[in-house]
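Comments concern the structure below.
In this chain, numbering begins with 1 at the start of the sequence shown. Each ligand, and each atom within it, is numbered from 1 in the order the structure gives.
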Amino acid sequence: MLEIPRVEDNGRLGPVNSALVPRYGGAPTYALLSRLDEAAAAGVAPEIKVVGVPFDAGVSYRPGARFGSGHVRQSSRLLRPYNPATDTSPFAQAQVVDAGDMAVNPFNIGEAIEAIQQDAMDLTEDGSSLMTIGGDHTIALPLLRAASARAGEPVALLHFDAHLDTWDTYFGAEYTHGTPFRRAVEEGILDTEAISHVGTRGPLYGKKDLDDDHRMGFGIVTSSDVFRQGVDEIVDQLRQRIGGRPLYISVDIDVLDPAHAPGTGTPEAGGITSRELLEILRGLRGLDIVGADLVEVAPAYDHAELTGVAASHVAYDLISLMADRRATRAAAGEEPGR
Ligand SMILES: N=C(N)NCCCC(=O)O
Ligand SMILES: [Zn+2]
Ligand SMILES: [Zn+2]
């Protein structure tokens with residue numbers, strides 16, 4: 001096998017060195033980072049794992065998010081190790097690795113949900129955090145179960161999405177991509193003092209959708225609110241609500257306007273821009289992020305990797321937040337924890 005030269009920084013194994021190996025060649029791991037087994041062979045302990053979930057059996061409209069993880073990886077080849085927006089080097093601050101894809105049953109949603117929850121528990125057993133890519137929004141439920149089990153308490157939730165995803169059932173089915181957050185509230189795994197949707201818009205089935213959502217405890221920052229109030233104001237509001245709680249961030253790529261992310265299953269006009277989303281995320285620096293997902297990337301509807309590139313950058317800024325948090329805690333002599 002060819003020896004792959006990697007960027008090594010701060011004792012950590014980074015991406016393939018693109019000054020020596022053209023980044024359009026070779027296997028597309030996320031950001032050209034090392035695989036979990038390569039990191040193990042090199043003797044480095046993972047701290048943040050990027051993991052794919054090729055699952056879309058929960059969709060209510062266009063299918064295709066099962067191919068999302070592969071597409072985000074392919075679209076992530078151009079990412080570089082230094083993040084100037086936050087003056088951070090995520091792959092030097094934490095050992096980030098690509099843990100591959102979970103193996104999930106495409107024909108049995110219940111079994112898939114169980115497998116995702118179990119895999120998420122197994123992958124975080126060593127204290128590492130997960131950045132999940134791909135899949136439809138159904139997968140947020142088992143990921144939240146695992147996150148709250150690891151945190152030892154219900155978690156705060158920041159949910160970026162055009163949709164509420166707090167509907168009850170579709171065709172009698174309880175576990176779908178439009179229902180994960182209602183199930184999560186019912187299960188008591190969310191801290192309902194600190195749960196918010198950001199970027200919602202578009203027609204609903206009825207006003208009751210909003211009433212139900214409000215009763216569950218959700219706050220809503222609509223796409224129009226982001227436009228009218230601006231990023232800084234929104235960030236202030238969100239930070240106040242979340243405080244020091246353990247926080248899970250779920251990003252449905254359809255939160256972006258279809259002009260920025262056409263490759264998704266249930267597109268809605270009037271969305272936020274990728275710049276606005278990235279700026280809001282950067283405003284969350286220092287919060288206790290215990291895990292994140294990036295879902296609903298359906299490459300069949302993408303063009304010129306618009307959605308894939310946006311998604312890979314969103315994941316990069318989420319990883320930057322998690323790595324920075326870990327490094328800051330370690331510098332303060334606190335447990336790296338989450
Ligand atoms: N894209 C997600 N997660 N949910 C959208 C559900 C919209 C609907 O079926 O009415
Ligand atoms: Zn959505
Ligand atoms: Zn969603």
Side-chain angles (χ1 to χ4, degrees), residues 53-69 71-72 109 112-113 116 132-144 157-185 190 195-210 212-213 216 218 220-224 226 248-274 276-277 280 291-302 307 310-311 314-315 318:
V53 183
F55 174 86
D56 67 3
V59 299
S60 56
Y61 200 55
R62 298 169 176 169
R66 66 180 59 185
F67 297 107
S69 52
H71 189 59
V72 175
I109 295 179
I113 286 174
I116 294 164
T132 309
I133 53 172
D136 75 47
H137 226 150
T138 312
I139 72 168
L141 177 64
L143 294 169
L144 277 166
L157 171 70
L158 252 187
H159 168 220
F160 294 88
D161 202 324
H163 309 99
L164 301 167
D165 288 355
T166 50
W167 286 294
D168 192 6
T169 58
Y170 283 82
F171 291 81
E174 288 178 293
Y175 299 96
T176 77
H177 81 150
T179 57
F181 302 114
R182 181 185 288 240
R183 296 291 92 80
V185 169
L190 298 183
I195 53 179
S196 305
H197 309 292
V198 182
T200 47
R201 61 189 187 274
L204 299 170
Y205 297 99
K207 201 171 184 339
K208 181 173 179 298
D209 297 351
L210 290 173
D212 287 355
D213 190 82
M216 287 176 234
F218 280 95
I220 297 183
V221 176
T222 67
S223 176
S224 301
V226 176
Y248 187 89
I249 301 181
S250 184
V251 182
D252 182 330
I253 202 64
D254 72 26
V255 71
L256 299 182
D257 191 89
H260 293 254
T264 194
T266 45
E268 311 280 351
I272 64 173
T273 65
S274 45
E276 286 166 329
L277 177 55
I280 294 174
D293 65 54
L294 187 283
V295 296
E296 298 285 345
V297 174
Y301 314 100
D302 202 6
T307 317
V314 169
L318 286 166

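When only non-hydrogen protein atoms are considered, atom 7 (C) of ligand 1 lies nearest to Tyr170 OH, 3.8 Å. Atom 3 (N) of ligand 1 has Asp165 OD2, 2.9 Å as its closest protein atom, hydrogens excluded (heavy atom only). Here the protein heavy atom with the shortest distance to atom 9 (O) of ligand 1 is Ser60 OG, 2.5 Å. Looking only at heavy atoms of the protein, atom 1 (N) of ligand 1 is closest to Thr266 OG1, 2.9 Å.
Proximity of Asp252 to ligand 1, defined as any heavy-atom pair under 4.0 Å, is confined to the side chain (atoms from C-beta onward). Contact annotation: for His137 versus ligand 1, heavy atoms closer than 4.0 Å belong to the side chain alone. When heavy-atom distances to ligand 1 are checked against a 4.0 Å cut-off, Asp254 comes that close only through its side chain, counted from C-beta outward. When heavy-atom distances to ligand 1 are checked against a 4.0 Å cut-off, Tyr61 has no atom that comes that close, whether in backbone or side chain.
Residue-ligand proximity, Glu296 to ligand 1, at heavy-atom distances under 4.0 Å covers atoms 1 (N), 2 (C), 3 (N). The contact set between ligand 1 and Tyr205, taken as ligand atoms under 4.0 Å from a residue heavy atom, comprises 8 (C), 9 (O), 10 (O).
The side-chain heavy atoms of Leu277 and Leu256, taken from C-beta on, include a pair separated by under 4.5 Å. Arg201 places none of its side-chain heavy atoms less than 4.5 Å from the side chain of Thr222.
The backbone N or O of Thr169 lies less than 3.5 Å from no partner atom in the side chain of Thr179, so there is not a single donor-acceptor pair. Side chain of Asp257 to main chain of Gly270: a donor-acceptor pair is present (N/O by atom type, distance under 3.5 Å, no hydrogens or angles). Using a distance-only test at 3.5 Å, with no hydrogens or angles considered, no donor-acceptor pair links the side chain of Thr200 to the main chain of Leu164.
With Arg183 as reference, Asp168 is the one residue of Thr166, Thr138, Asp168 to meet the side chain to side chain donor-acceptor pair (under 3.5 Å) rule.
Around the Zn ion (ligand 3), protein N, O or S atoms at less than 2.8 Å number 4.
In this pair, Tyr170 and Tyr205 present their aromatic rings perpendicular. The plane angle is above 60°, beyond the 30 to 60° band.
Using modelled atom types, one finds a donor on one side chain and an acceptor on the other under 3.5 Å when comparing His197 with Asp213. For the 3.5 Å distance criterion, the side chains of His163 and Asp161 qualify, holding a donor opposite an acceptor. Side chain to side chain, His137 and Ser250 meet the donor-acceptor criterion of an N or O pair below 3.5 Å.
The number of heavy atoms from other shown groups lying within 6.0 Å of CZ (Phe67) does not exceed 12.
Ligand 1 has no nitrogen or oxygen under 3.5 angstrom from a nitrogen or oxygen of Trp167.
Separation of atoms CG (Asp254) and NE2 (His177) is listed at 8.5 Å; rounding is to 0.5 Å.
The nearest non-hydrogen atom to atom 2 (C) of ligand 1, considering only Glu268, His177, Arg62, comes from His177.
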